[in-house]
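The structure appears below as structure tokens.
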Number of protein chains: 2
Amino acid sequence: MMEAKLHYHPLIRHLLSTTDISEDNVRLLLELPIVEQDVGKGHTIVAEGDRPSRCCLILEGFTCRSRVLADGARQIVAFHVPGDLPDLQSLHLKRMDHSLTTLSPARLAFIPHEALRGLLRANHDLAESLWRRTLIDAAILREWVTSIGRKLARARIAHILCELTVRTAAVEVGNDTRIALPVTQNELADALGLTIVSVNRHLQEFRREGLLELRHRTLTIYDWSKLRHIAEFDSDYLHFTRPPDAVSVLLGERR
Amino acid sequence: MMEAKLHYHPLIRHLLSTTDISEDNVRLLLELPIVEQDVGKGHTIVAEGDRPSRCCLILEGFTCRSRVLADGARQIVAFHVPGDLPDLQSLHLKRMDHSLTTLSPARLAFIPHEALRGLLRANHDLAESLWRRTLIDAAILREWVTSIGRKLARARIAHILCELTVRTAAVEVGNDTRIALPVTQNELADALGLTIVSVNRHLQEFRREGLLELRHRTLTIYDWSKLRHIAEFDSDYLHFTRPPDAVSVLLGERR
DNA sequence: CGGGGTATTGAGCGCCCTCAATCCCTGTGG
DNA sequence: CCACAGGGATTGAGGGCGCTCAATACCCCG
């Protein structure tokens, strides 16, 4: 499976950037009996209440985790980019407490729990790497709680855009401040605990200030440093161990 | 170490309620070279930026994880009750991205990373149980994001009180609707993304309605069912596998 | 009998929400 | 080539929840 271009496989780029995992171990992961599938936008991969028997790996496209409240309000609790294993947790938590849906057309790969569990039992390093991945997911959630709980809408929006830019840069090969971001203002609002009206007005303000532009599913950042400042964005919480070049550029000076 | 009363050890009660771990395996954990320590209220166990070399187990008392923003605002991103391993993540994420402090006088036990890592490497079941614990922490964070992002102050406050009651009931032996809750209104506000003024007013309203009382570090709930309804509280996200009796009573009918 | 932390109260304001209409863009089909 | 549909973005007006600021009351403890 993509032997020649192993470095360009999203999962591999991702694991390499956030863990000390060896390439051999990654290869073992990809040799599991994987089933690939293309799905459209708005596809529900697993729903709240499900008890999945396989994990999902995102090869292309974006997905999100979300919950719906009694009054119909939706809260998105995570975005996922290529290389993410969005429901790795289902390996140990039987019942899904939220839904997983695609935000764009996506190419997914499914790994049976049974096979993955067997591999992790035999390979402790790999198990540690994946455990680490889930811990980074939790770190991102802490950052979201902080952002939603204590920042104004302007800073919240700036923050999520910073995060998505860096996370995308870690797996994509390309321009680092012009990224494909298949996320509607509605979805941003649902992730940030805001309304679409508020998101829209602040995005317009950013645009007027010449800070960034978000149209046609493409985010273009003109003043990364200022955006980062508005967001109070510090990428430490993403816990890169070996950030790819594109990410290093964005992060600038490291402490 | 407390051989006779093994069932009453907080860590054990906790692990038994949220995992399928065997008592033998828990015993192995407690046979590690543990150092116990008593600390006062407001003690910083580990600070943001630290690179701890040991994990902390809470034997008695409450702690919280928190972050401080540039403008001085504080966001609490987790509460911890006896039996919790609040910085288990430091085993795999070197640098702390938040601080860990005590909310009350506490008795802590410290387990060296080295020893714990060795044990987990040899005992995959135990490693899975602890991984599961960190996944439940993440599930709680998702619930917090949902609550802070999409619920009114009244529901948010009700929700955190429900959660703390159930989580405490899982490790404490005693009355299930009258719990020791050493949390100030200020700390509740910092956890919920509210101000102390707002928390205070809603708590008074609850009190006036005869729903609950929170004074002298004690929470007394008079109408659990109504509180649960206001909070839209569904304990599924806590992922109990074998809830203790006190918890079962609170949860009522299970789906 | 202070003293510090905690809780309570009041007045005024502002950020974001709600509701609802309109515009824009893109893809589709006649 | 244009009419049409539909999702998404934009705009306006008005209102409310929670915030800010600030003063006061409470209560445990030495």
Side-chain angles (χ1 to χ4, degrees), chain A residues 40-43 62 64 69 71-76 101-105 147-161 181-208 212-219 230, chain B residues 40-43 62 69 71-76 101-105 147-161 180-208 212-219 230:
Chain A
K41 166 182 174 172
H43 172 80
F62 280 56
C64 73
L69 301 191
D71 64 359
R74 179 174 71 151
Q75 177 67 46
I76 291 177
T101 56
T102 55
L103 293 171
S104 68
S147 187
I148 298 174
R150 286 289 180 233
K151 288 181 185 169
L152 295 179
R154 180 176 162 85
R156 275 189 237 178
I157 296 168
H159 190 276
I160 195 76
L161 294 181
L181 196 64
V183 174
T184 66
Q185 297 186 7
N186 217 325
E187 285 149 1
L188 284 180
D190 283 346
L192 298 171
L194 298 169
T195 58
I196 182 176
V197 176
S198 182
V199 168
N200 180 268
R201 288 190 169 128
H202 286 287
L203 280 179
Q204 284 180 58
E205 199 175 310
F206 286 152
R207 204 178 301 154
R208 252 180 276 121
L212 58 81
E213 212 159 20
L214 176 59
R215 21 186 65 209
H216 313 308
R217 341 245 100 175
T218 302
L219 171 65
I230 292 170
Chain B
K41 166 184 172 169
H43 172 81
F62 281 56
L69 301 191
D71 65 357
R74 179 174 71 150
Q75 178 66 45
I76 291 177
T101 56
T102 56
L103 293 171
S104 68
S147 187
I148 298 174
R150 286 289 181 231
K151 287 180 186 170
L152 295 179
R154 179 176 163 85
R156 276 189 236 179
I157 297 167
H159 190 275
I160 195 74
L161 294 180
L181 195 64
V183 174
T184 66
Q185 297 186 7
N186 217 324
E187 286 149 359
L188 284 181
D190 283 346
L192 297 170
L194 297 169
T195 58
I196 181 174
V197 176
S198 181
V199 169
N200 180 270
R201 287 188 170 131
H202 286 286
L203 280 178
Q204 283 179 58
E205 198 176 311
F206 285 151
R207 204 179 299 153
R208 254 181 274 122
L212 57 80
E213 212 159 19
L214 175 58
R215 20 186 64 206
H216 313 309
R217 340 246 100 176
T218 303
L219 170 66
I230 292 171

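Lettering of chains follows the sequences in order, A, B, ..., and the numbering in each one begins at 1. Every heavy atom of this structure was used, including side-chain atoms; hydrogens, water molecules and symmetry mates were not. Only a predicted model underlies this, so the values are computations on that prediction, with no experimental measurement involved.
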Exercise. Looking at residues at least two apart in the chain, or sitting in another chain, which of them share a side chain to side chain contact (heavy atoms under 4.5 Å, CB included) with B:Ala191?
Worked result: B:Ile76, B:Phe79, B:Trp144

For this session: Provide the closest heavy-atom pair for B:Leu161 versus B:Leu181 in the form atom of the first, atom of the second, distance.
Result: CD2-CD2, 4.0 Å

Seminar exercise, completed: Across all chains, not counting sequence neighbours, the side chain to side chain contact (heavy atoms under 4.5 Å, CB included) partners of B:Gln204 are B:Asn200, B:Arg207, B:Arg208

Exercise. What bend angle does the helix from C:dC1-D:dG30 to C:dG30-D:dC1 show across its length, from five-pair end axes and to the nearest 10 degrees?
Worked result: 30°

Exercise. What string of B, S and - do you get for nucleotides 3-19 of chain C, 5' to 3', when a contact is any protein heavy atom under 4.0 Å?
Worked result: ---SSSBBB---SSSBB

Seminar exercise, completed: For A:Ala153, the side chain to side chain contact (heavy atoms under 4.5 Å, CB included) test, sequence neighbours excluded, returns A:Leu194, A:Ser198, A:His202

Seminar exercise, completed: Hits for side-chain hydrogen bond (donor to acceptor under 3.5 Å, both in side chains) against A:Arg154, two or more places apart or cross-chain, chain-then-number order -> A:Glu205, A:Glu209

Exercise. Phosphate oxygens OP1/OP2 of C:dT26: is one of them under 4.0 Å from a side-chain N or O of A:His216?
Worked result: yes

For this session: Output all residues satisfying side-chain hydrogen bond (donor to acceptor under 3.5 Å, both in side chains) with B:Ser104, sequence neighbours left out; order by chain, then residue number.
Result: none

For this session: Name all pairs fulfilling the salt bridge (charged side-chain N to carboxylate O under 4.0 Å, His left out) condition that reach into residues 185-202 of chain B, sequence neighbours left out, sorted by first residue then second.
Result: A:Arg150-B:Asp190, B:Arg74-B:Asp190

Problem set entry | All side chain to side chain contact (heavy atoms under 4.5 Å, CB included) counterparts of B:Ala155, not counting sequence neighbours | B:Lys151

